[in-house]
Amino acid sequence: MRHMQILKAVVEPLIEQALAQVGITNDHWRSMLAPSRELDQGDLSLPCFPFAKQLGKAPPAIAEALAEAMATHEAVGEVNAVGGYLNIKASPTWLASTILQSPQTHGHPFGQCQPTGRRILIEHTSANPNGPFHVGRARNAILGDSLVRLHRLYGNEVRAEYYVDDMGKQVGVLAWALKHLSHEDVEATLEGREALNPKWKGKADHERVRWYQAAQVIRQERADKEAIEQEIGRMVHASEHGDQDVLDDFQAAYQPVLDGMLTTLARLGINFDTFTKESMFVTNGDVSRLMEQFRGFDIHGTADNGAEFLDLGARGLKGKTEFFFRRGDGSSLYATRDIAYHMWKWQQCDDLINVLGEDHKLQAKQVGMTLTELGQKVPEVMFYSFIKLPEGKMSTRKGNVVFMDDLLEEASEQAAAVVGVLRPDYEEEEVKAIADAAGTSAVRFNIIKVSPEKGFTFRWEEALAFEGGSAPFVMYSHVRACSIVRRCESEGIDVDAEMSKVVNSIPTEMSSGMVGLLRSIAVHNDVLAKAVNDCRPHLFANQLLNLATCFNSFYRDCMIVIDGEVNTFNLQVSEVARRLMRTGMEGLGIAPIEHM
RNA sequence: GGGCGUGUAGCAUAGCUGGAUAAUGCGUUGGCCUCCUAAGCCGAAGAUCCCGGGUUCAAAUCCUGGUACGUCCGCCA
């Protein structure tokens, strides 16, 4: 259902003919034919300024001449020339009948594109399992999951993957703390800091992070800190050489934390298909084989202490060009394992997408260049800028964090307060269900709707905004569409039967609400395609907002049931919009509830 | 110091493969519920698109030089 492309395909030959009549035969104009800015200007516009020179005529005159020369077509409603622009307006009747006759209007996976057969592996989040999810980490998870959902909506076969960092210092510290510190030790060390929120008692990510935090303090302050550092160092070293006992200890330490984090993510509708442990590439020998292979490269180098690197300067990398892949003691580095991981991932998909914070840009560049060196493809990466607090950067260490669990609680509570005022007659249980859906969706949408590279400052009042350009706004439009269906049913109207009717008397005069909605429906899947192919979910968020806004105007202008009589045309358009809203909401992880 | 990113009404953003009067939400402000949910709709006010230079018939958009902020420049992960 990509109607704007259909329109363009219809209009292009007409324009080509008209241009030929006027005396233009080259092809440059094709890229200039673009969607118009304003609805009253038309749907497609062609600026005529570039033709002025070669024709020796003023642009407005050329536009006039083109408008004259344009052949008529059922898809083209109106052609006019305004100030050097040739404006072409689609016939609303044509638009409506194309939309309603589209196979997807009647088929089941409505609003969904055809399966493409492409297998995409999207790796996102992959946060270190050492503490609860905070909103600083949330952008990765929310953007990544939206990408997963949008790719599925588009028809791709997607696997959502979490790379578990199960070795190295962070987990090492956690494991050490859990082994050596008692509950009392921890509380004594953290005295004066914010206590564990009683609400999260029993949730391992919240409980165990206190051990981690206490260890961080002790590593700085305690008298035997050197001995501690040595012990942690030994464990980390063992893990990096694939010592299975140590890795098992580590897993026992982090797994409950990871499970707690995943519980939080699940509340936001974020789930993963597969988890891959970093240590796998050490224990299965991939990493050592890889390091051997690097030795044969002409850009390979060795430092004084035996550490090894690739000199990527020879491949055009600027700045510090030595990319170390092996320490002096022979162990591998994070990036080395990451390369082994990528080679493994490439065996399982057609396209690879990683979601990474902007701090990983250099790292990703190095990994990408090394993959090229290995004859591998380079993954596509979506980078995002960090979420910070008005007071500055979020840091678990400093304690200025907003935990996702707390944010979601707050979101539910505030949403419940709103629902309580707006719907005083609802049962408590009903209010809670609506508030949960609205709250978590609002938090997600608030993050999705801005472009990832933009810096983001977390503000409660924005995260919990329930009107205007928010998730509840979209949800509300969808609910209205649902209530139309309910209304039809209560009037004894068979909606399925109405939907399968062929409307042969599409009105020639339509309200602005109707035309606006048809236009929004027409571009919907074009925007989806762009959002997916360019890795920019916010484009689709904006489209969904636009669709909801247009639906609200349509709702004002077009009654569907009057005195028990149904207007079949209006109902069909409403249903198309409703299902597009529903699938679109699912594509962004907004709860498509039918009542609120 | 070098690389990358960002700078658009009071606030938060969209627009960045050049095209018309710079779009949206919040906030401010005026209207709309005998009618499918007013979490809505219709209107008003509000902009030196960070600054300078350049390319072009045309620049928020491209080039260049500044500037402010973020981020990276471990044999950490």
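Letters A, B, ... mirror the listed sequences (proteins, then strands); counts begin at 1.
Nucleic acid contact for A:V450: sugar-phosphate only, since backbone atoms but no base atoms lie under 4.0 Å from a heavy atom of the residue. Using a 4.0 Å heavy-atom distance criterion, A:C558 is classed as a base contact. Base engagement by A:P50 is indicated by at least one non-hydrogen atom pair under 4.0 Å involving a base atom. Using a 4.0 Å heavy-atom criterion, one finds that A:I434 contacts the bases of the nucleic acid, with or without backbone contacts as well. The residue A:F383 sits apart from the nucleic acid: no heavy atom pair falls under 4.0 Å. Residue contacts shown for A:V485 are absent, as no nucleic acid heavy atom lies under 4.0 Å away.
When rounded to the nearest whole Å, the span between CG of A:L33 and C1' of B:rU17 equals 15 Å. The distance between atom CZ of A:F473 and atom P of B:rA12, rounded to the nearest whole Å, is 22 Å. If you take CG of A:N546 and P of B:rA14, they are 16 Å apart, rounded to a whole angstrom. Going from atom CH2 of A:W29 over to atom P of B:rA58 covers 24 Å, rounded to whole Å. Distance, A:Y555 OH to B:rC36 P: 6 Å, rounded to whole Å. Per the geometry, CZ belonging to A:R480 stands 13 Å off C1' belonging to B:rC35, to the nearest Å.
The side chain of A:K454 has B:rU13 as its nearest neighbour among B:rG15, B:rG3, B:rU13. Here the nucleotide nearest the side chain of A:E453, chosen from B:rA39, B:rG19, B:rG5, is B:rG5.
Close placement of the A:F49 and A:Y85 rings is indicated, their centers lying within 6.0 Å of each other. Taking the centre of each ring, A:F325 and A:F294 come in below the 6.0 Å mark. Aromatic pair A:H342/A:F281: ring centres not closer than 6.0 Å.
When both pairing distances are held under 3.5 Å, B:rA44 makes a Watson-Crick or G-U pair with B:rU28. Taking a pair to require two hydrogen-bonding distances under 3.5 Å in either a Watson-Crick or a G-U wobble arrangement, B:rC76 remains unpaired. Under the Watson-Crick and G-U wobble criteria, each requiring two contacts below 3.5 Å, nucleotide B:rA9 is left unpaired. Across all strands shown, B:rU61 forms no Watson-Crick or G-U wobble pair with both key distances under 3.5 Å.
Taking the charged nitrogens against the carboxylate oxygens, A:E430 and A:R423 have no contact shorter than 4.0 Å, which rules out a salt bridge. The residues A:E292 and A:R295 are annotated as salt-bridged, a charged nitrogen and a carboxylate oxygen being separated by less than 4.0 angstrom.
Applying the 3.5 Å distance criterion, the base of B:rA20 shares a donor-acceptor pair with the side chain of A:N87. A donor-acceptor contact under 3.5 angstrom links the side-chain atoms of A:S45 to the base of B:rA20. Between the side chain of A:R536 and the base of B:rA14 there is no donor-acceptor pair of N/O atoms closer than 3.5 Å.
Classification of the A:F551-A:F554 ring pair by plane angle, with boundaries at 30° and 60°, yields tilted.
For the pair A:Y85 and A:R486, both in contact range of RNA chain B, the more 5′-proximal nearest nucleotide belongs to A:Y85.
Between the side chain of A:E78 and the backbone N or O of A:I88 there is no donor-acceptor pair closer than 3.5 Å.
Residue A:N552 places at least one side-chain N or O under 4.0 Å from the OP1 or OP2 atom of B:rC41. When the side-chain nitrogen and oxygen atoms of A:S477 are compared with OP1 and OP2 of B:rA39, none of them lie within a distance under 4.0 Å. The phosphate of B:rA39 (OP1 or OP2) has a side-chain N or O of A:R423 nearer than 4.0 angstrom.
Between A:D43 and the options A:R519, A:K89, A:K8, a salt bridge (Lys or Arg N to Asp or Glu O under 4.0 Å) holds for only A:R519.
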Nucleotides 64-77 of chain B: protein proximity per nucleotide (B base, S sugar-phosphate only, - neither; heavy atom, under 4.0 Å): ------BSSSSBSB
